[in-house]
Every structure is written in structure tokens, then in C-alpha cells.
Student: 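Supplied in C-alpha cells, the structure appears directly below.
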Amino acid sequence: MSTNKSFTERVFQAIGFELLAVLLCTPLLAWLMDKSMVDMGVATIAIGLIALAWNVLFNGLFDRLLKHLALVPSAATRVLHAVLFEGGLVAVSVPLIAWWLNVSLLQALILDIGVLLFFLPYTYVYHWAYDVVRERMLERRVA
């Protein structure tokens with residue numbers, strides 16, 4: 001997890017994260033919830049846009065925290081990163097899901113917990129893979 005990423009790179013990283021998530025989640029959630037692809041697509045994109053903004057903001061703050069505490073990126077910091085990122089997103093997304101799909105907050109929370117079970121490992125793997133690919137690209141530029 002490099003702390004030397006520009007704002008532009010953070011935005012690129014977040015857009016990739018959200019686009020892949022929308023492509024994976026929309027059909028699966030439409031099928032599970034017995035909702036139309038349009039309804040789930042709109043909900044997924046709306047949450048994705050919220051998550052995109054949160055992703056850029058949170059990753060910048062998290063990187064600053066790592067730097068301030070002089071922590072070396074590790075499996076533990078990646079787990080902490082994923083848990084904190086998804087926890088913040090849950091607080092915003094549950095009311096939106098409940099409203100858009102016309103379900104109770106409890107139903108939306110249960111759905112969100114199911115989605116969270118997907119996104120915790122997804123967040124971990126995506127950011128790890130992004131950092132690995134980024135480091136390899138930087139090494140090639142230097143060589």
C-alpha cells in the first residue's frame with residue numbers, strides 16, 4: 001500500500017474499484033432480490049458513486065494516518081483498511097437502499113451485510129492487486 005499516490009491516481013484507483021464492483025454486483029443482486037436490473041443498477045450505481053467519493057477521501061486519510069503513525073503496510077493494515085472503509089459506507093448506504101428498493105431499514109441492513117461479506121474480501125484483494133500491479137509498473141519505468 002503505497003502512500004505516494006497522487007490525487008489523480010487515487011481517483012483512477014477508485015473508479016476501477018467501483019466499475020468492477022457494479023459489473024459484478026448488479027446482476028447478482030437483481031437475481032437475489034427479485035428486482036429488475038434497472039432498479040438494482042440504479043441502486044448499485046448510486047451507492048457506487050457514494051463509495052467512489054468515500055474511496056478517494058478515505059484512502060487519502062488512511063494513507064496519511066499510516067504515514068503519521070509510521071506504520072508499514074501489512075496484512076493487518078489492509079484488514080483494518082477494508083473494515084473501516086466498508087463500515088463508513090454501510091452508514092450511508094443502508095438508508096439509501098431502504099428508500100430506493102422500498103424495504104425496511106432492517107431488510108436493507110441485512111442486504112447490506114450480505115453485500116459487505118462480498119466487499120470485505122473484494123476491497124482487500126482489489127487494493128492489494130492494484131498496489132502489486134502499480135509497484136511492478138513503477139519498477140519497469142525505473143529499469
Side-chain angles (χ1 to χ4, degrees), residues 1-140:
M1 198 175 324
S2 173
T3 58
N4 298 323
K5 295 175 186 161
S6 69
F7 178 77
T8 302
E9 186 177 0
R10 284 281 173 213
V11 170
F12 175 77
Q13 180 181 12
I15 288 171
F17 180 92
E18 295 307 327
L19 282 176
L20 184 57
V22 167
L23 291 172
L24 293 171
C25 289
T26 298
L28 178 62
L29 292 174
W31 176 70
L32 287 172
M33 295 292 295
D34 195 29
K35 299 284 184 180
S36 75
M37 287 284 283
V38 171
D39 281 345
M40 288 312 302
V42 169
T44 303
I45 290 169
I47 293 167
L49 290 172
I50 291 167
L52 177 62
W54 175 238
N55 192 318
V56 173
L57 175 66
F58 178 80
N59 284 329
L61 292 172
F62 193 82
D63 284 350
R64 284 185 185 167
L65 178 65
L66 287 180
K67 194 173 192 175
H68 177 73
L69 298 175
L71 293 175
V72 176
S74 65
T77 58
R78 290 184 190 284
V79 168
L80 180 64
H81 173 272
V83 169
L84 292 175
F85 174 82
E86 293 303 333
L89 192 54
V90 165
V92 175
S93 62
V94 167
L96 178 63
I97 292 167
W99 170 74
W100 182 254
L101 298 178
N102 198 26
V103 297
S104 71
L105 285 172
L106 179 59
Q107 289 171 310
L109 178 61
I110 291 168
L111 172 63
D112 206 50
I113 289 170
V115 170
L116 178 65
L117 292 175
F118 165 79
F119 270 94
L120 277 172
Y122 172 77
T123 299
Y124 179 96
V125 170
Y126 178 87
H127 290 286
W128 168 78
Y130 183 92
D131 287 344
V132 168
V133 170
R134 179 182 184 272
E135 289 302 318
R136 287 185 183 160
M137 289 174 66
L138 290 174
E139 287 171 4
R140 284 185 186 167

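The shown structure was predicted, so the numbers you read here are calculated from the model rather than taken from an experiment.
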Student: Side chain of Tyr126, backbone of Gln13: donor and acceptor closer than 3.5 Å?
Tutor: yes
Student: Kindly assign one of parallel, tilted or perpendicular to the pair His127 and Phe85, based on the angle between their ring planes and the thresholds 30° and 60°.
Tutor: perpendicular
Student: Rounded to the nearest 0.5 Å, what separates atom CG in Leu105 from atom CH2 in Trp99?
Tutor: 13.5 Å
Student: With rounding to the nearest 0.5 angstrom, report the CD1 to CE distance, Ile47 to Met40.
Tutor: 7.0 Å
Student: Determine yes or no for a side-chain-to-main-chain donor-acceptor pair under 3.5 angstrom, with Asp112 supplying the side chain and Ala108 the backbone.
Tutor: no
Student: Heavy-atom distance under 4.5 Å between the side chains of Ile97 and Val115, does that happen here?
Tutor: no
Student: Give the minimum heavy-atom separation between Trp54 and Gly88, together with the two atoms involved.
Tutor: CZ2-CA, 4.0 Å
Student: If you draw a 6.0 Å radius around CZ in Phe118, do more than 12 non-hydrogen atoms from other residues or ligands fall strictly inside?
Tutor: yes
Student: Go through the steps for Tyr122 and Glu86 under the test side chain to side chain donor-acceptor pair (under 3.5 Å), then give the verdict.
Tutor: CA-CA 11 Å; Tyr122 172 77; Glu86 293 303 333; over 6 Å; no
Student: Report the distance from atom CG of Asp34 to atom CG of Asp39, rounding to the nearest 0.5 Å.
Tutor: 11.0 Å
Student: How long is the gap from CG on Asn59 to NE2 on His81, to the nearest 0.5 Å?
Tutor: 3.5 Å
Student: Indicate the atoms forming the closest heavy-atom contact of Ser74 with Thr77, along with that distance.
Tutor: N-OG1, 2.7 Å
Student: Calculate, to the nearest 0.5 Å, the distance between atoms NZ and CH2 belonging to Lys35 and Trp100 respectively.
Tutor: 11.0 Å
Student: Is there a side-chain contact between Tyr130 and Glu9 in this structure, where contact means two heavy atoms from C-beta onward sitting under 4.5 Å apart?
Tutor: yes
Student: Check Ala98 against Ser104 and note the closest heavy-atom contact, atom names and distance.
Tutor: CB-O, 3.9 Å
Student: Give me the atom names and distance for the closest heavy-atom approach of Val56 to Ala14.
Tutor: CG2-CB, 3.7 Å
Student: So, taking the atom named CG in Leu57 and the one named CG in Leu52, what distance separates them when rounded to the nearest 0.5 Å?
Tutor: 11.5 Å
Student: Please report the C-alpha distance between Leu69 and Leu65 in whole Å, then the side-chain angles of each, then the deciding distance to 0.1 Å, and finally whether the side chain to side chain contact (heavy atoms under 4.5 Å, CB included) criterion is met.
Tutor: CA-CA 6 Å; Leu69 298 175; Leu65 178 65; 3.6 Å; yes
Student: For Phe62 and Leu84, which heavy atoms make the closest approach, and how far apart are they?
Tutor: CE1-CD1, 4.3 Å
